[in-house]
Amino acid sequence: MRYEARRLLVDGIEITVTFKPIKSLRLLVKPTGSVLASVPVRTSRAEVLRFLKPRIGWVKAQLRRLDVLENRPAALASGERHQLWGRWYELEVVEGKPKVRVLGERIVLAMPTGATLAQRQKTMEKWYRERFLQEIEAIRPQLQRQVGREAAQVAVRWMKTRWGSCNVRTGRINLNLELVKRERRFLRATFTHELCHLIAPGHGQLFQAQMDRCCPEWRMLRKQSRSVQIGQSFWG
Ligand SMILES: [Zn+2]
């Protein structure tokens with residue numbers, strides 16, 4: 001038979017709580033890094049939290065020993081730090097209809113109770129995409145004028161190995177969603193770089209002359225970009 005299970009976030013750790021016909025509460029950290037709690041059938045949420053909170057230190061120690069805490073992707077939980085246009089914000093997750101807002105130094109993510117990590121990611125990613133597209137539309141006319149070429153289409157997608165790409169035949173430019181985490185000038189430089197490929201397909205003298213003309217700081221930005229490691233996914 002299957003027991004009722006719920007996901008709880010405690011101090012940034014996702015815990016699967018399963019309600020079973022048992023007498024006492026149990027907590028287990030699996031070698032895979034998943035954290036499981038078994039609790040008696042009619043235990044209230046408050047009781048579960050009272051049981052889990054003092055034990056989170058122990059859970060984190062186990063996870064650290066398993067090396068999953070440092071290397072794990074973002075859990076999108078309150079207290080985490082996330083970037084937008086080169087600035088760090090503290091994430092606050094609240095209950096409500098899916099929505100993301102920036103309030104001062106915080107990014108506030110509203111999600112219905114029981115939302116999964118995948119649902120939180122989807123909401124946040126959609127919001128990041130909107131920020132990104134808004135910025136592109138704002139800078140696109142000026143950059144295209146400067147370069148003297150127009151992109152037929154600009155798309156945003158997450159890419160593991162490159163900041164942007166340009167199909168010189170179709171005029172389609174792809175920009176890496178990852179750029180939304182960095183200062184806006186990296187997006188400008190990347191966009192300019194791809195637009196310049198519409199004049200010069202390779203990275204030879206003609207291309208470099210165009211970059212010098214349109215984005216004088218491109219060599220310095222390129223050096224900085226090369227030192228950045230893109231993670232396994234948008235979430236690290
Ligand atoms: Zn290039």
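Each residue takes its place number in the sequence, starting with 1. All ligand and atom numbering here is 1-based and tracks the order in the structure.
Among the backbone and side-chain atoms of His193, an N, O or S atom lies under 2.8 Å from the Zn ion (ligand 1). Taking backbone and side-chain atoms together, Cys196 has no N/O/S atom less than 2.8 Å away from the Zn ion (ligand 1).
The pair Asp11-Lys53 does not meet the salt-bridge criterion, since no charged nitrogen lies less than 4.0 angstrom from a carboxylate oxygen. With salt bridges taken as basic N to acidic carboxylate O contacts below 4.0 Å, one links Glu14 and Arg120. Under 4.0 Å is where a charged nitrogen must lie from a carboxylate oxygen, and between Arg131 and Glu135 no such pair does. A salt bridge between Arg140 and Glu150 is absent, with no side-chain N of the basic residue lying under 4.0 Å from a carboxylate O of the acidic one.
Around the Zn ion (ligand 1), the angle linking His203 (NE2) with His197 (NE2) is 100°, rounded to 10 degrees.
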